[in-house]
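Structure first, then comments.
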Amino acid sequence: MNFVEEITKRGMLHNIMPGTEEMLKDGQVSAYVGIDPTADSLHIGHLVSVMLLKHFQLAGHKPIALIGGATGMIGDPSGKSQERNLLDLKTLRHNQEAIKKQLSKFLNFSNEIENNAILVNNYDWMSKFSFLDFIRDVGKHISVNYMIAKDSVKKRMLGSEDKDAEGLSFTEFSYQLVQGYDFLHLYKEHNCKLQMGGSDQWGNITTGTELIRRIQQGKAYALTSPLITKADGGKFGKTESGNIWLDPKKTSPYEFYQFWINTSDEDAEKYLKIFTVIDTNEIKDIIKEHKEAPYARILQNKLAEEITVMVHSKKDLDTSVAASKMLFGKGTKEQLESLNDNTFNAVFSGVPKFKINKEVISKGINIFDLLAEETQIFKSKAEVRRLVKDKGLSLNMEKFTNSDTLITDQYLLNNKYIVIRQGKKKYSIITT
RNA sequence: GGGGGGAUUCCAGAGCGGCCAAAUGGGGCAGACUGUAAAUCUGUUGGUUUAUACCUUCGGAGGUUCGAAUCCUCCUCCCCCCA
């Protein structure tokens with residue numbers, strides 16, 4: 001399989017250095033992408049890069065994931081990154097291990113194959129560099145003129161249409177050199193001839209190829225993918241509750257699944273190509289099928305299924321699908337009751353929970369006191385009253401319409417919870 | 001320095017001394033419709049055991065009045081024009 005052709009078909013190619021495709025045809029090489037170890041989990045914003053590596057490996061080449069232990073401390077001026085915090089070494093290693101574990105779901109790190117993926121951390125070589133050595137051995141080869149010509153730097157110095165000049169610190173300015181040196185290092189140590197990344201990384205990557213040319217008289221290449229956008233202009237990968245993480249502790253498999261299910265039609269086509277390895281011809285068929293019956297949302301289902309299984313597991317997918325049917329379909333009280341504790345917690349993880357004393361329920365309590373006073377699910381009784389009047393309140397999946405009804409033990413599911421549903425999507429749980 | 005205009009509920013923006021918890025639009029919430037979409041339509045949008053009631057709210061502090069978002073005085077902040 002031809003790597004460049006494949007990612008082109010998938011809409012993952014933004015910019016590529018001439019000669020890259022030919023170089024890749026000449027035999028196995030390695031390529032790398034950088035990942036910031038700022039957290040102990042990847043989020044879906046990292047996925048494009050990861051998928052690039054995956055396709056690269058599928059094409060028979062050797063992928064390298066570079067953990068930016070050193071660069072992460074500096075802060076890339078290409079983003080609007082704020083000053084970074086220094087990670088202590090222990091956290092850095094912890095994050096690195098966690099990220100590797102997640103990456104192994106996409107990439108094959110096994111020594112048994114020839115083109116196994118590897119993970120490196122630029123802290124391991126950068127931390128040994130003294131400042132003097134660095135400016136002498138690396139800085140000497142790149143002119144300031146070259147560095148300030150980069151878009152990311154220029155923007156900060158001169159400002160852009162929508163932004164005034166802000167200037168940048170020497171540290172940020174040096175960023176491209178440090179990243180460039182990584183490329184040189186990997187070129188020497190791992191026959192790494194290609195660096196990939198988001199389109200905002202182009203400038204940083206080419207500093208690397210330039211360094212390799214000047215110091216090693218070598219030829220290295222660059223390839224970038226477009227930044228992922230949403231059709232409505234929103235930022236990809238963010239929801240009201242924040243980032244979508246791959247770590248099930250940070251984003252439950254259910255929320256993860258829901259994120260993909262909620263993709264718009266337009267985006268879903270695009271995402272299916274980028275985030276799954278489904279054959280592009282097959283994707284065409286799926287799109288066609290979807291257009292014939294858009295209400296079935298074949299695209300979204302396929303997308304959510306594939307990615308959830310890849311990142312989590314088939315079992316997590318099944319739970320999420322069941323939970324979704326429960327929450328969005330015609331869930332019933334009986335279905336709710338039939339959930340065991342584990343599934344119940346999985347379905348309602350991420351839903352706000354309110355604990356109250358069991359006696360309060362046993363004695364019987366009216367709906368207003370329960371929702372606006374005992375728990376602060378609603379901020380006033382009038383709000384509850386309105387909602388009941390509008391038929392927007394359900395208890396345990398049953399519409400609650402008569403506000404005179406007293407809430408007693410019989411409302412407790414499994415003698416423990418009450419599921420409060422506001423409108424269609426908003427849930428709260430009262431536990432005793 | 002002189003003159004003028006303004007500050008209203010989440011936002012914008014009406015508001016005759018009593019009929020003002022305050023028009024209208026946006027946003028929010030809910031309902032119908034639907035595909036957990038978009039659009040549309042409807043209801044709702046200060047609080048109180050829903051009430052032809054009371055309480056809190058129209059920049060701040062006082063005052064006039066039976067009664068003030070509305071009139072008067074002072075203060076704070078914002079905008080515009082002339083020099």
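Order of the sequence lines fixes the chain letters, A, B, ..., with proteins taken first and strands second; residue numbering starts at 1 for each chain.
Of all nucleotides present, only B:rG60 satisfies the Watson-Crick or G-U wobble test against B:rC74, with each distance under 3.5 Å.
Between A:Tyr417 and A:Phe344, the ring-plane angle classifies as parallel under the 30° and 60° cut-offs.
Counting non-hydrogen atoms under 4.0 angstrom, A:Asn366 reaches nothing in the nucleic acid. Contact annotation for A:Glu383: no contact, since no heavy-atom pair falls under 4.0 Å across all strands. Across all strands, A:Thr263 comes closer than 4.0 Å to no nucleic acid atom at all (heavy-atom distances). Here A:Lys381 lies in heavy-atom contact (under 4.0 Å) with sugar-phosphate atoms only.
Regarding A:Leu406, its CG atom lies at a distance of 15 Å from the P atom of B:rU49, rounded to whole Å. Note: CD (A:Gln422) to P (B:rU36) measures 19 Å, nearest angstrom. The nearest whole Å value for the distance from the CD atom in A:Gln376 to the P atom in B:rG47 is 14 Å. What separates CG of A:Asp390 from P of B:rG43 is a distance of 11 Å, to the nearest Å. Following rounding to the nearest Å, A:Arg386 (CZ) and B:rU49 (P) show an atom-to-atom distance of 13 Å. The CG atom of A:Asn262 sits 9 Å away from the P atom of B:rA38 (whole-angstrom rounding). The distance from atom CG of A:Leu299 to atom P of B:rA37 is 16 Å, rounded to the nearest whole Å. Atoms CG (A:Leu371) and C1' (B:rU49) sit 15 Å apart, rounded to a whole Å.
For the P atoms, the distance linking B:rU24 with B:rG46 amounts to 13 Å, nearest Å. Taking atom P in both B:rU52 and B:rU57, the straight-line distance is 23 Å, to the nearest Å. Comparing the same atom, P, in B:rU70 and in B:rA61 gives a spacing of 13 Å after rounding to whole Å. The separation of B:rU8 from B:rG2, taken at their P atoms, amounts to 27 Å, rounded to a whole angstrom. To the nearest whole angstrom, the two C1' atoms, one in B:rA83 and one in B:rC75, are 27 Å apart. Comparing the same atom, C1', in B:rG59 and in B:rA7 gives a spacing of 6 Å after rounding to whole Å. B:rA69 and B:rC55: their P atoms are spaced 13 Å apart (whole Å). With both ends at atom P, the span from B:rA38 to B:rU56 equals 42 Å, rounded to whole Å.
Phosphate proximity of B:rA37 to A:Lys425: present, with a side-chain N or O under 4.0 Å from OP1 or OP2. Taking only side-chain nitrogens and oxygens, A:Ser264 never comes nearer than 4.0 Å to OP1 or OP2 of B:rA37.
Atom CD of A:Glu266 sits in a sparse spot, with 12 or fewer heavy atoms from other residues, nucleotides or ligands closer than 6.0 Å. Within 6.0 Å of CD in A:Glu292 there are more than 12 heavy atoms belonging to other residues, nucleotides or ligands.
Toward the 5' end of RNA chain B, the nearer of the two residues A:Asp265 and A:Ser380, judged by each one's closest nucleotide, is A:Asp265. Mapping A:Arg385 and A:Ile261 onto RNA chain B by nearest heavy atom places A:Ile261 closer to the 5' end of the strand.
A:Asn204 and A:Thr207 share no side-chain donor-acceptor pair at under 3.5 Å.
Between A:Arg93 and A:Asp124 a salt bridge is recorded (basic side-chain N to carboxylate O distance below 4.0 Å).
A:Lys105 places a side-chain N or O within 3.5 Å of a backbone atom of A:Val311 that can act as its donor or acceptor partner.
Two rings, from A:Phe275 and A:Phe236, have their centers less than 6.0 Å apart.
When distances run from any side-chain atom of A:Lys399 to the nucleotides B:rC29, B:rU36, B:rG31, the shortest one goes to B:rG31.
Judged by distance alone with a 3.5 Å cut-off, no donor-acceptor contact links the side chain of A:Gln300 to the base of B:rU36.
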